[in-house]
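Shown next, in structure tokens, is the structure this report addresses.
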Amino acid sequence: MKLDNNGPLVSVVIPAYNVAEYINQTIASVREQSYKNWELIVVDDGSTDRTLEVIAESVKQIRQHVVVHHQENGGLSAARNSGVKLATGEYVYFLDSDDLLPQNALLRFVELSYQNALDVLSFSAVNFADDSYAMGDEESTKRRIEEYDEYYDRINNQICVSSGEDAFISMVNSNHFVPSAPLSFYRKTLVEKTPFYKGILFEDNLFMTQILLKARRVGIINEKLYKRRIRSGSIMHNDAHDYIRRFASHFVISEELRKMLGDCSNHVYEALESIYSRFVALSMDDYCKLLQRNQIDLLNLNQYELCRDSLVQYQVFYKTQLANMHVKSEELYAENMSLKQDNSFLEKETQQIKDSWTYKIGLVITALPRWAKHQITK
């Protein structure tokens with residue numbers, strides 16, 4: 001089969017919001033793909049800059065089927081979900097609007113997926129920065145790129161194919177679970193059944209967990225088939241509003257993972273529980289920061305689809321966790337004091353022995369043998 005002409009159709013979905021500076025390069029990287037059987041779906045998520053204008057100009061040179069969809073701002077998840085609904089391909093690929101694809105990326109996606117009958121193909125990325133001061137200074141930018149290169153690295157230089165559950169367990173246990181939607185290639189029927197959770201941050205964590213656990217066959221390969229741009233504009237500032245969004249997002253994800261724990265197999269329970277525990281810890285940390293800042297009342301429960309019962313349950317859970325931590329702390333303190341008391345007792349006993357006449361007479365009697373032994377071993 002010559003994939004260039006007769007391979008399966010791939011729907012490339014690009015969600016875009018205020019990326020007028022980068023979107024032309026991103027679309028160009030799709031246009032220049034060596035694999036030609038693709039369609040492009042660009043979803044403008046209510047941009048307020050020239051993004052939509054740049055998109056319209058950029059797609060003029062494309063011969064393949066192109067859809068440019070404009071909608072009110074609803075966030076990354078809503079934009080991706082809209083793109084999936086418009087997709088007609090056998091496979092779907094999500095490309096971030098400021099990143100790039102290597103020229104052979106789509107060809108490798110299709111080759112590996114078709115050869116191995118995959119529902120999901122996961123791969124690694126190379127990271128770059130247009131501005132050496134993207135992270136404030138050259139050293140920080142270089143360090144961030146190195147950190148991301150290590151983070152996105154996969155452990156399999158040759159493709160490793162397994163069930164979705166086994167792939168998930170392997171990723172979690174090896175500390176190579178990389179929850180980033182653009183670092184995987186998907187069969188569209190699987191993505192249609194697993195929409196992105198709207199209105200939250202960190203949506204890829206939940207999406208990738210759900211996708212992997214639903215997939216029949218997953219392939220993992222340490223091949224750099226994505227170019228991730230490092231830029232200062234993509235960093236979220238830690239103001240009060242962000243802490244609220246962070247807490248709401250971590251809370252929602254932990255609740256969804258908790259539901260999944262109730263339905264998952266024993267085989268995957270331990271790995272899934274570790275991801276769940278991580279998000280419980282993150283939400284607790286954010287909740288603590290909100291309490292310190294007196295910002296908890298600013299939570300818009302309707303916006304984040306948090307019911308008051310769930311939030312109250314969380315508050316009870318949070319207080320229970322703190323109470324348990326205090327109990328454990330007191331137990332450890334008591335154990336430490338007990339050890340100190342035991343040690344003090346032993347020191348007193350030892351000193352009493354050393355002060356006894358029996359011990360002193362023993363030292364005198366054994367003085368000569370001990371001196372002789374010392375001379376011999378010199």
Side-chain angles (χ1 to χ4, degrees), residues 1-16 22-43 58-67 80 83-84 86-128 149 152-162 164 167 178 180-192 208 211-212 215-229:
M1 177 177 68
K2 188 177 180 182
L3 292 175
D4 278 3
N5 300 316
N6 303 314
L9 179 66
V10 176
S11 298
V12 179
V13 176
I14 304 178
Y22 306 103
I23 189 65
N24 179 56
Q25 297 176 44
T26 302
I27 291 175
S29 76
V30 178
R31 186 177 65 244
E32 295 165 3
Q33 288 296 298
S34 58
Y35 184 77
K36 302 301 180 184
N37 196 16
W38 49 265
E39 64 177 2
L40 178 63
I41 301 163
V42 187
V43 180
S58 300
V59 300
K60 286 181 179 179
Q61 304 175 45
I62 295 178
R63 296 181 180 180
Q64 285 84 348
H65 179 238
V66 175
V67 175
R80 285 173 173 169
V84 172
L86 295 167
T88 62
E90 183 177 343
Y91 293 96
V92 172
Y93 178 66
F94 300 105
L95 174 59
D96 281 353
S97 56
D98 54 350
D99 295 335
L100 307 172
L101 282 179
Q103 192 173 14
N104 69 331
L106 291 184
L107 179 61
R108 290 296 289 152
F109 295 165
V110 174
E111 283 179 342
L112 292 168
S113 297
Y114 242 56
Q115 289 169 4
N116 297 281
L118 301 179
D119 295 315
V120 179
L121 171 68
S122 295
F123 41 87
S124 60
V126 63
N127 300 276
F128 71 98
D149 281 342
Y152 291 134
D153 193 50
R154 307 282 186 177
I155 58 176
N156 310 90
N157 289 322
Q158 298 296 321
I159 189 165
C160 177
V161 179
S162 64
V178 182
S180 178
L183 294 188
S184 290
F185 182 71
Y186 314 90
R187 193 179 296 277
K188 190 183 78 169
T189 52
L190 182 62
V191 175
E192 287 175 325
M208 289 305 304
I211 280 286
L212 290 171
R216 290 179 299 105
R217 288 174 64 84
V218 173
I220 306 171
I221 189 167
N222 192 30
E223 193 169 335
K224 298 185 185 300
L225 298 173
Y226 192 73
K227 294 181 178 180
R228 173 80 75 185
R229 188 191 305 269

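A salt bridge links D99 to R228: at least one charged side-chain nitrogen sits closer than 4.0 Å to a carboxylate oxygen. A salt bridge is defined here as a Lys NZ or Arg NE, NH1 or NH2 lying under 4.0 Å from an Asp or Glu carboxylate O, and K227 with D96 fails to meet this definition. With respect to the salt-bridge test (charged N to carboxylate O, under 4.0 angstrom), the residues D98 and R229 do not qualify.
Annotation: the span from L212 atom CG to I220 atom CD1 amounts to 7.5 Å, rounded to 0.5 Å. Note that CE of M208 is 3.5 Å distant from OG of S184, once rounded to the nearest 0.5 Å. Annotation: the span from L112 atom CG to I221 atom CD1 amounts to 5.0 Å, rounded to 0.5 Å. One finds the CZ atom of R187 at 4.0 Å from the OH atom of Y91 (value rounded to the nearest 0.5 Å). Between the CG atom of L121 and the CG atom of N116 there is a distance of 8.5 Å, given to the nearest 0.5 Å. A distance of 11.0 Å separates OG in S122 from CG in L225, rounded to the nearest 0.5 Å.
In this structure, the side chains of V10 and F185 come closer than 4.5 Å at one or more pairs of heavy atoms. With a 4.5 Å cut-off on side-chain heavy atoms, V84 and E192 count as touching. The shortest distance between side-chain heavy atoms of K224 and P102 does not fall below 4.5 Å. Using a 4.5 Å heavy-atom cutoff, the side chains of I62 and V30 are not in contact. Under the 4.5 Å side-chain criterion, counting only non-hydrogen atoms from C-beta, P8 is in contact with V110. In this structure the side chain of V191 never reaches within 4.5 angstrom of the side chain of R80, judged on heavy atoms. L9 has its side chain out of reach of H65: every pair of non-hydrogen atoms, C-beta onward, lies at least 4.5 Å apart.
For the side chain to side chain contact (heavy atoms under 4.5 Å, CB included) with L95, the qualifying choice from V12, L100, I27, V13 is V12, the only one to do so.
The two residues Q33 and Q103 have their closest heavy-atom pair at OE1-O, 3.1 Å. What you find for W38 and R31 is that their closest heavy atoms are CZ2-CA, 3.8 Å. Taking all atoms of both residues into account, the shortest heavy-atom contact from F94 to V92 is CZ-CG1, 3.8 Å.
For the residue pair S34/N104, the side-chain donor-acceptor check at 3.5 Å is not satisfied.
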Please test I14 against I23 for side chain to side chain contact (heavy atoms under 4.5 Å, CB included), starting from the C-alpha separation and ending with a verdict. CA-CA 9 Å; I14 304 178; I23 189 65; 3.9 Å; yes

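When the ring-ring contact (aromatic ring centres under 6.0 Å, His included) test is applied to Y226, no partner is found at least two apart in sequence or on another chain. In terms of the side chain to side chain contact (heavy atoms under 4.5 Å, CB included) criterion, residue partners of L86 (sequence neighbours excluded) are, by chain and number, I41, V67, H69.
Not one N or O on the side chain of E39 forms a donor-acceptor pair closer than 3.5 Å with the backbone of A87.
Using cut-offs of 30° and 60° on the angle between ring planes, the pair F109 and Y93 is tilted.
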